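Have a look at this one.
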Protein chains: 2
Amino acid sequence: MISPLATSIPQNAQPVLCEAELVAVLVSISNNTPHILTLEHGHSFPSGPLMVEHRSLQKGMRNWVEHQTGLKLGHTEQLYTFADPLHGHGHQRVQISYMAFIRQNCDHSLAERSIYDYFPWEDRRDATSCPLLHTIATRLKQWAADNMQLWQRCTTVFGLENHVWNDELSLQRYELLWEAGLVPESSWQNGAHLPGLSMHRDYRRILATALSRMRAKIRYTPAVFDLLPRQFTLLQLQQAMEALAGRAMHKQNFRRLVQQQKLVSRTEEYDSPPQGRPAQLYQFAPETAEHCYLAGAKLPLPAIS
Amino acid sequence: MISPLATSIPQNAQPVLCEAELVAVLVSISNNTPHILTLEHGHSFPSGPLMVEHRSLQKGMRNWVEHQTGLKLGHTEQLYTFADPLHGHGHQRVQISYMAFIRQNCDHSLAERSIYDYFPWEDRRDATSCPLLHTIATRLKQWAADNMQLWQRCTTVFGLENHVWNDELSLQRYELLWEAGLVPESSWQNGAHLPGLSMHRDYRRILATALSRMRAKIRYTPAVFDLLPRQFTLLQLQQAMEALAGRAMHKQNFRRLVQQQKLVSRTEEYDSPPQGRPAQLYQFAPETAEHCYLAGAKLPLPAIS
DNA sequence: CTATATATACTCAATAAGAGCATATATAGC
DNA sequence: GCTATATATGCTCTTATTGAGTATATATAG
């Protein structure tokens, strides 16, 4: 019963001291598009060092963000922890990244940027992204050349050649483009790279992680409701889902999905659109909702996919 | 366009130095039950400090584990990063936890322990856990008393009162039991606590995270195949899924699910059981599998649920 | 009154999931 | 050889769920 592990890992080895940095990806929706709050002209995220007095990592992050900007954070989750070795300094830097949703109600002029400014190929709500995707397919094919396994990976991840587009694979797509040298962050790339804003350090990778994670989360949890105003129309809810997923959905089926589960309850109020029939305002109803299933493994896509 | 964040977060603040520890939850299946490799009589996990020469956190963890125990790691993923403030020392300790699957083929006597020794209520493959769950329900009801919202949370998380049991909520269940003072780790608890082994520090919480994460992962990814031998029968595959999910499944429907997706390909060989018809041996077939859907949002549960 | 934009109800076919029956192929014991 | 037993595997049938579309209601702008 004595494990060889007990002696093989030097628990008494001198630990290396490192800096810990808390990075916050703050997501909101405006103009039917997911946005993030950025610093340094869109090149970096709000962040702050872990302090001794922080009782937990998440509280430390909330401290930095909430206490100093007045923003109330909704659904919050840890994304990923990276290390980047600071050669020459003799220690490492550990970056712990978080994603948090904020309700779009305030009008202070924060430096908002559309997530799709960084990943134009991820917004497939209409056909405008098709030429770009075609370019990507061509460039990837050149790169993968006769490496069948690599090309197989490309087709799966980008939904090429009768594969379906999986919106949750945004991180894998970014990594593939990085490996192929099609983004400016790839150190060795020399030719023309794809459109899309870049960021400092690993930050665009963190953003891709966030996009992937939020797309996964909104399917099975009521996290979207933290991005919407307290009262919303079903169309607003659908458009928020579409904005995050990057896909258009079938209207009637989406409504059926939401209402069957008693996820929302109607209020007495109505929305007054510039044109068209006024829509009933709804609110999230956690009491009556047994489970939350805003979209399954397959999104309720519209007819002309 | 100038963000108030730019000045509100002191990027130039002196970062606090901290220790970074890499913690590994190594999962395997033996005797149709998920097991983990432990140290210190089941009270802790293999772990090692982050070193300057580690090029990434995951590589650091693999280094500690693979290089020193000879174990080959399969599906690996980062779980969560915790901080625990080391008061008095003036710095923090950051723990970065990983989960990795290992194939059960080696016979070296590692200190294996069943995951369900730590969470007996999580194994619901047969009716033996029912009395325990009944006890939990009673104790939770006493604790929640007349706090309706709290009791609502209990029923949802533990599948009480016509709610369904969600196997992925193991972390939430552990946290609820912790809050209710029903596990020995709850510092204030004084009375009798529930059966189940405990661990040092936050380690049982990490294990609950791992259980939750692996249950989520096996549904949509081919991760289970990293726990099985290269060749396996469909029953073995099903039993591995059942072991991880903690639920029994409907045999014929499970087979249909697997075979429809061309997830596996049959080999020429057969398994020779002590009794019964020999079963065809299969192997994982990533080439023909378009997607992996070993169980949906709902598991293919058997008739007598 | 018309064009337009939205909201909402309802239908129908295709697919997937839940549950069970039937049959095939082996071993162990008599 | 026959029977009990245990597993493997094929097939059916019913019931939900999903995809896709039609039809109708209610508002505004001109």
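Quick caveat, the model's predicted, so the values are computed rather than measured. Here is how names work: the chains are called A, B, and so on, in the same order as the sequence lines, proteins then strands, and each is numbered from 1.
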*Between A/T155 (side chain) and A/Q152 (backbone), is there a donor-acceptor pair under 3.5 Å?*
yes

*Tell me: CD of B/Q260 to C1' of C/dA16, nearest whole Å?*
8 Å

*Please identify each residue that fulfils ring pair (Phe, Tyr, Trp, His ring centres under 6.0 Å) with B/F284, with sequence neighbours left out.*
B/F225

*Who are the salt bridge (Lys or Arg N to Asp or Glu O under 4.0 Å) partners of A/E77, not counting sequence neighbours?*
A/R213, A/K217

*Sequence neighbours left out, what passes ring pair (Phe, Tyr, Trp, His ring centres under 6.0 Å) with B/H75? Give chain and number order.*
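Result, ring pair (Phe, Tyr, Trp, His ring centres under 6.0 Å) vs B/H75: B/F101.
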
*Taking side chain to side chain donor-acceptor pair (under 3.5 Å) as the test, write out the residues that go with B/Q236, two or more places apart.*
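In terms of side chain to side chain donor-acceptor pair (under 3.5 Å), with neighbours along the sequence ignored, B/Q236 is linked to no residue.
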
*Sequence neighbours excluded, every pair satisfying side chain to side chain donor-acceptor pair (under 3.5 Å) that has a member inside residues 126-136 of chain A*: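 As it turns out, the side chain to side chain donor-acceptor pair (under 3.5 Å) pairs with a partner in residues 126-136 of chain A, which skip direct neighbours, are A/D126-A/T128.
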
*Who passes salt bridge (Lys or Arg N to Asp or Glu O under 4.0 Å) against A/R125, sequence neighbours left out?*
A/D123

_Please tell me if A/K251 has a side-chain N or O lying less than 4.0 Å from either OP1 or OP2 of C/dT8._
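Answer no for this pair, as no side-chain N or O of A/K251 is under 4.0 Å from OP1 or OP2.
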
*asked:* Once salt bridge (charged side-chain N to carboxylate O under 4.0 Å, His left out) is applied, what residue pairs with a partner in residues 151-161 of chain A remain, sequence neighbours excluded?
replied: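 Residue pairs with at least one partner in residues 151-161 of chain A: A/K141-A/E161, A/R153-A/E179.
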
_Counting primed atoms plus P, OP1 and OP2 as sugar-phosphate and everything else as base, spell out the protein contacts along nucleotides 10-15 of chain D at 4.0 Å heavy-atom distance: B, S or - for each nucleotide, 5' to 3'._
B-B---

*Pick base, sugar-phosphate or nothing for A/L235, based on heavy-atom distances below 4.0 Å to the nucleic acid.*
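Here A/L235 touches the backbone only, sparing every base.
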
*Measure the spacing between OG1 of B/T233 and CG of B/D271 and express it to the nearest 0.5 Å.*
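Between B/T233 OG1 and B/D271 CG, I get 5.5 Å after rounding to 0.5 Å.
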
Is there any protein nitrogen or oxygen under 3.5 Å from a nitrogen or oxygen in nucleotides 25-27 of chain D, and what are the pairs?
{"from": "D/dA25", "atom 1": "N3", "to": "A/R277", "atom 2": "NH1", "distance (Å)": "3.2"}
{"from": "D/dT26", "atom 1": "O2", "to": "A/R277", "atom 2": "N", "distance (Å)": "3.4"}

*asked:* Whole angstroms only, please: what is the OH-P distance between A/Y282 and C/dA7?
replied: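 To the nearest whole Å, that distance equals 10 Å.
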
*Measure from the side-chain heavy atoms of B/A279 and tell me the nearest of D/dA8, C/dA7, C/dA19.*
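Nearest nucleotide to the side chain: D/dA8.
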
*In whole Å, what is the span from the CD atom of B/E269 to the P atom of D/dA8?*
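One finds 17 Å between P of D/dA8 and CD of B/E269, rounded.
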
_Measuring from the side chain of B/Q280 (C-beta onward, heavy atoms only), which nucleotide among C/dA19, D/dA20, D/dT9 has the closest atom?_
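The listed nucleotide nearest to B/Q280's side chain is D/dT9.
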
_How many whole angstroms separate atom NE2 of A/H250 from atom C1' of D/dT22?_
10 Å

*asked:* If I take atom CD in residue B/Q261 and atom C1' in nucleotide C/dA16, what distance separates them, rounded to the nearest angstrom?
replied: 12 Å

*Between atom CD in B/Q239 and atom C1' in D/dT7, what is the gap in whole Å?*
11 Å

*the helix from C/dC1-D/dG30 to C/dC30-D/dG1: angle between end helix axes, five pairs per end, rounded to 10 degrees*: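 For the helix from C/dC1-D/dG30 to C/dC30-D/dG1, the axes at either end differ by 0°.
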
*Could I get the full list of salt bridge (Lys or Arg N to Asp or Glu O under 4.0 Å) partners for A/R173, not counting sequence neighbours?*
A/E122

*Mind checking what makes ring pair (Phe, Tyr, Trp, His ring centres under 6.0 Å) contact with A/Y80, not counting sequence neighbours?*
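By the ring pair (Phe, Tyr, Trp, His ring centres under 6.0 Å) rule, A/Y80 matches A/F82.
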
